[in-house]
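Numbers here are sequence positions counted from 1.
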Amino acid sequence: KELRIFLHKKGIVYNKKKMQKMYIAPIALFTYKRVETLRKVIHSLKSNSLASRSKLFIYSDGYKNSLDFEQVKMVREYIYSLKGFLDINVIERSSNYGLKRNIVDGINNTLKDHTKVIVLEDDLKVSQNFLNYMNKGLELYQNQTKVWHISGYMPPMSKKLTNDSFFSRLMFCWGWGTWRDRWNKYIKDPLSKDPYYLQSKFNKKMKEDFDLNVKPSLFWSQVKKNMTGEFNNTWDIFWYSYIFLNYGLCLNPESSLVENTGLDGSGTHFQAIPSHKNKDISK
């Protein structure tokens, strides 16, 4: 009669009565022109038992040109046919916001009336336990301000862990969640998204830790590309940087609950990766 979840080496017990009263976080879903990948994430979300108790906010970006118009139109026609969630709110962008502005503005908007949020993009597929894990993590650590971020994705690891989840300094943005107070702290800091400011704050050792001591650089190179202008529509590296500078923690599952279905060249910001094979997501 009890639902058990084991987090950070400690067994936390939720009974059914408490789960029924748990504040279910709204889902902010961001989409542009790929209706088939959008169908996959919606289908996977609806396989979650908490989907019918979740508010869904869909931020549909506007088309860039006449070539994208029909694809965006198909996406929006599909969105308006959806059922299976507690409430569905569609926000149509009248112009093309681009990935960064669409996501940041959408999270800001969702958190105006909610204290926490689950964030997804349209090229992801989630486990049937994704919403359960995310909501439990957001509920359990909402008053633990050292914890900034709940990750649903986890890359394959060679070493098997003994716990269902663990903390790290590393942030993954393929299916994640956070709280209004942490996000607002980041948004309201005028220097939080300035790569030159980050350059002045990070010493050599910090950059190595930021990159997990892996070469070539995985993450600091993205900051550098924002300085040179090679990247100009990214947001996630700044969120990760801000968490890192504030000594924040991210909760990660032992096995990934999210799979990326958009690494086939169809995405706006990713080229095809033929050698990439997604790890089967945990049930």
If you group Ile, Leu, Val, Met, Phe, Trp and Tyr by side-chain heavy-atom gaps below 4.5 Å, do [X] and [Y] land in one group?
{"X": "Val35", "Y": "Leu56", "answer": "yes"}
{"X": "Val223", "Y": "Leu212", "answer": "yes"}
{"X": "Met206", "Y": "Leu198", "answer": "yes"}
{"X": "Val104", "Y": "Ile107", "answer": "yes"}
{"X": "Leu82", "Y": "Leu124", "answer": "yes"}

Quick check for you: to the nearest 0.5 Å, what is the distance between [X] atom [atom1] and [Y] atom [atom2]?
{"X": "Arg39", "Y": "Arg34", "atom1": "CZ", "atom2": "CZ", "value": "14.5 Å"}
{"X": "Asp87", "Y": "Ser52", "atom1": "CG", "atom2": "OG", "value": "13.0 Å"}
{"X": "Ile24", "Y": "Lys55", "atom1": "CD1", "atom2": "NZ", "value": "12.0 Å"}
{"X": "Ser47", "Y": "Lys125", "atom1": "OG", "atom2": "NZ", "value": "9.5 Å"}
{"X": "Ile118", "Y": "Ile27", "atom1": "CD1", "atom2": "CD1", "value": "5.5 Å"}
{"X": "Cys173", "Y": "Ile103", "atom1": "SG", "atom2": "CD1", "value": "7.5 Å"}

Taking all non-hydrogen atoms of both residues, which atom of [X] and which atom of [Y] are closest, and how far apart?
{"X": "Phe166", "Y": "Pro253", "answer": "CE2-O, 3.9 Å"}
{"X": "Asp122", "Y": "Leu29", "answer": "N-CD1, 4.2 Å"}
{"X": "Met134", "Y": "Trp176", "answer": "CE-C, 3.3 Å"}

Item checked: Ion pair check, Lys205 and Glu208, cut-off under 4.0 Å -> no
For [Y], does its backbone N or O pair with a side-chain atom of [X] as donor and acceptor, under 3.5 Å?
{"X": "His149", "Y": "Leu170", "answer": "no"}
{"X": "Asn96", "Y": "Gly62", "answer": "yes"}
{"X": "Asn109", "Y": "Lys112", "answer": "no"}
{"X": "Lys46", "Y": "Lys83", "answer": "yes"}
{"X": "Ser151", "Y": "Asn252", "answer": "no"}
{"X": "Ser256", "Y": "Met154", "answer": "yes"}
{"X": "Thr178", "Y": "Trp148", "answer": "yes"}
{"X": "Arg76", "Y": "Ser60", "answer": "yes"}
{"X": "Ser44", "Y": "Val126", "answer": "yes"}
{"X": "Asn48", "Y": "Leu50", "answer": "no"}

Side chains of [X] and [Y]: closer than 4.5 Å at any heavy-atom pair?
{"X": "Pro195", "Y": "Phe238", "value": "yes"}
{"X": "Val258", "Y": "Phe172", "value": "no"}
{"X": "Trp179", "Y": "Asn143", "value": "no"}
{"X": "Leu138", "Y": "Thr115", "value": "no"}
{"X": "Val75", "Y": "Tyr32", "value": "no"}
{"X": "Arg93", "Y": "Asp105", "value": "yes"}
{"X": "Trp220", "Y": "Gln199", "value": "yes"}
{"X": "Asn89", "Y": "Thr110", "value": "no"}

Check: After noting the C-alpha distance and the side-chain angles of Ile79 and Leu38, does the key distance pass the side chain to side chain contact (heavy atoms under 4.5 Å, CB included) rule?
Finding: CA-CA 9 Å; Ile79 290 171; Leu38 178 60; 4.0 Å; yes
Check: Going through the checks in order, is the salt bridge (Lys or Arg N to Asp or Glu O under 4.0 Å) test met by Asp211 and Lys207?
Finding: CA-CA 6 Å; Asp211 270 329; Lys207 291 175 184 177; over 6 Å; no
Margin query: Less than 3.5 Å apart, any donor N or O on the side chain of Thr234 or Asn226 sitting next to an acceptor on the other?
Written below: yes
Notebook entry, point to check: Can a donor-acceptor pair be found between the side chains of Trp183 and Asn108 at a distance below 3.5 Å?
Noted result: yes
Next item on the list: Would you check, one step at a time, whether the test side chain to side chain contact (heavy atoms under 4.5 Å, CB included) holds for Glu121 with Leu99?
Entry: CA-CA 10 Å; Glu121 295 178 53; Leu99 182 66; 3.6 Å; yes
Next item on the list: Determine, for Tyr141 and Lys146, whether the Lys NZ or Arg CZ falls below 6.0 Å from the six-membered ring centre while staying within 45 degrees of the axis.
Entry: no
Next item on the list: Take Tyr63 and Lys33, measure what side chain to side chain contact (heavy atoms under 4.5 Å, CB included) needs, and give me the verdict at the end.
Entry: CA-CA 8 Å; Tyr63 59 92; Lys33 62 178 183 177; over 6 Å; no
Please list, one pair per line, the donor and acceptor atoms closer than 3.5 Å that link side chains of residues 240-250 to other protein atoms, with sequence neighbours excluded.
unit_1, atom_1, unit_2, atom_2, d
Tyr240, OH, Phe210, O, 2.8
Ser241, OG, Ile237, O, 2.6
Tyr242, OH, Lys185, O, 3.3
Tyr242, OH, Asp189, OD2, 3.0
Asn246, OD1, Lys185, NZ, 3.3
Asn246, ND2, Tyr242, O, 2.8

Margin query: Applying the ring pair (Phe, Tyr, Trp, His ring centres under 6.0 Å) criterion to Phe30, which one of Tyr97, Tyr59, Trp235 satisfies it?
Written below: Tyr59
Check: Centres of the Phe57 and His114 rings: under 6.0 Å?
Finding: yes
Check: Is the count of non-hydrogen atoms from other residues, nucleotides or ligands lying under 6.0 Å from Phe219 atom CZ greater than 12?
Finding: yes
Notebook entry, point to check: For atom NZ of Lys224, is the number of surrounding heavy atoms from other residues, nucleotides or ligands below 6.0 Å larger than 12?
Noted result: no
Note to self: Which residue in the set Leu131, Leu45, Ile88 passes side chain to side chain contact (heavy atoms under 4.5 Å, CB included) when paired with Ser54?
What the structure shows: Leu131
Next item on the list: Apply side chain to side chain contact (heavy atoms under 4.5 Å, CB included) to Glu139 and Lys116, showing your working.
Entry: CA-CA 9 Å; Glu139 182 86 0; Lys116 47 194 170 183; 3.0 Å; yes
